[in-house]
Amino acid sequence: MTPTTSVPGVVALEQLDRAVEEGLGRGNVDIPSLEGDCQDRACWIDRARERGSTHVLLPFVEQSGPDHLLRIEVVDVASSAVVVITDEVCEICGEDEIIATTADVAAELIPRLQRLEGEPAQLVVSGRPKGAIVEIDGHQVGTLPWAGEVAPGEHTLRVSREGYVVVRRSIVTSSGVQELVDLDLQPQPTGADPARRTRRVAVSSSLIALGVVGVATGAGLFALDGQPYRRDCAPEEVDVNGRCPRMYESTAPAVASVVVGGAALIA
């Protein structure tokens, strides 16, 4: 965790930074400061994100009449959520008192920052359909809805269920912060089942092969019909022209083969 200080407020930025550093320094907490002229919290959060910080400390000084409200927010850079906040009212304070009180407020953050660094991240995954399988970094952890602890950092979330399109998301979690993810799985388009498509292709190929063989066989049988059948023809049965009176009669099986083959091709 590398918290950073910044401020829009009554007291000069450098003075407030030094006050926060002095207060956290009582617990040996190091806080590198951000440089820049940002005018709002979003800008400072973006600047901290660019530097690779996980959290940013945002101190504020707000004046209300003769009093000043001193506040320090600890913001999770990944989610922009305020995870720790502490404040104190300084009544009728001058500049020196404001600086000293800011240091005291910062010192009060020390144990909370230490606990925050040691806490796991919380992840809550909700959505539809219930019972869909939830995987984190390739490991199945449960089903929708699911909630549990994860290590701080970047993770790959995968949610799946048969008949639905798989959803994958990259998420970043932070110590002590609850990350909420809500998603709805969409039904797969009709005919999108790869196994069903494979079976359909296999069946179609078989029918085409059967059709081609059937038609070819029928054509061969038609060509053979009426031809002399010489294999069992005795020599005395052969006439002077060498023809055998026995003939092939293959019309019926030829018709059957063509009909079966044609039906297979149509199917």
Side-chain angles (χ1 to χ4, degrees), residues 1-8 31 34 36 38-60 71-87 109 111-198:
M1 173 174 167
T2 54
T4 308
T5 62
S6 64
V7 61
I31 52 166
L34 288 176
C38 290
Q39 301 301 315
D40 54 47
R41 59 186 293 114
C43 176
W44 287 113
I45 293 172
D46 289 340
R47 188 68 56 83
R49 186 179 295 114
E50 292 170 0
R51 283 195 48 173
S53 299
T54 59
H55 293 77
V56 58
L57 268 67
L58 300 177
F60 298 89
R71 172 178 295 168
I72 300 178
E73 296 178 355
V74 181
V75 179
D76 175 72
V77 171
S79 64
S80 299
V82 177
V83 293
V84 176
I85 186 170
T86 182
D87 53 37
L109 283 174
R112 301 176 69 178
L113 292 176
Q114 291 171 338
R115 287 196 302 271
L116 179 64
E117 183 136 311
E119 291 179 356
Q122 302 287 328
L123 178 61
V124 177
V125 185
S126 59
R128 288 158 292 278
K130 291 185 178 180
I133 296 174
V134 178
E135 298 178 42
I136 298 177
D137 300 330
H139 302 285
Q140 183 175 334
V141 295
T143 59
L144 284 182
W146 182 84
E149 296 180 350
V150 295
E154 187 172 355
H155 301 277
T156 299
L157 172 66
R158 183 180 187 272
V159 181
S160 62
R161 184 168 181 174
E162 185 177 355
Y164 291 82
V165 178
V166 175
V167 173
R168 293 181 178 85
R169 284 194 186 175
S170 293
I171 56 174
V172 178
T173 59
S174 302
S175 296
V177 178
Q178 186 180 74
E179 184 75 18
L180 304 177
V181 179
D182 184 75
L183 44 83
D184 291 336
L185 274 64
Q186 300 301 316
Q188 285 185 344
T190 303
D193 184 356
R196 185 177 302 171
R197 185 166 57 249
T198 301

Interatomic spacing from [atom1] in [X] to [atom2] in [Y] - rounded to 0.5 Å:
X	Y	atom1	atom2	value
Thr173	Leu157	OG1	CG	11.0 Å
His155	Ile171	NE2	CD1	6.5 Å
Thr143	Ile133	OG1	CD1	8.5 Å

Original post:
Is there side-chain contact between Gln122 and Glu149, with heavy atoms separated by less than 4.5 Å?
Top reply: yes
Original post:
What pairs with Arg49 under side chain to side chain contact (heavy atoms under 4.5 Å, CB included), at least two apart in sequence or on another chain?
Top reply: Ile45, Asp46, Val77, Ser80
Subject >> side chain to side chain contact (heavy atoms under 4.5 Å, CB included) partners for Val82, two or more places apart >> reply: Arg41, Glu73, Val75, Ile85
Original post:
Run the side-chain contact (heavy atoms from CB on, under 4.5 Å) check on Ile136 and Leu123 step by step: do they pass?
Top reply: CA-CA 10 Å; Ile136 298 177; Leu123 178 61; 3.7 Å; yes
Subject >> side-chain contact (heavy atoms from CB on, under 4.5 Å) assessment of Thr86 paired with Val84 >> reply: CA-CA 7 Å; Thr86 182; Val84 176; 5.6 Å; no
Can a donor-acceptor pair be found, under 3.5 Å and without considering hydrogens, that links the side chain of [X] to the backbone of [Y]?
X	Y	result
Trp146	Val141	yes
Asp76	His55	no
Arg161	Lys130	yes

For [X] and [Y], work out which heavy atoms get closest and say how close.
X	Y	result
Leu144	Pro129	CD1-O, 3.6 Å
Ala147	Val124	CB-CG2, 4.0 Å
Ser126	Asp182	OG-OD1, 2.8 Å
Val181	Arg169	CG1-NH1, 3.6 Å
Trp44	Leu58	CB-CD2, 3.9 Å

**OP:** Quick one: do Gln140 and Val134 satisfy side-chain contact (heavy atoms from CB on, under 4.5 Å)? Show the steps, please.
**Re:** CA-CA 6 Å; Gln140 183 175 334; Val134 178; over 6 Å; no
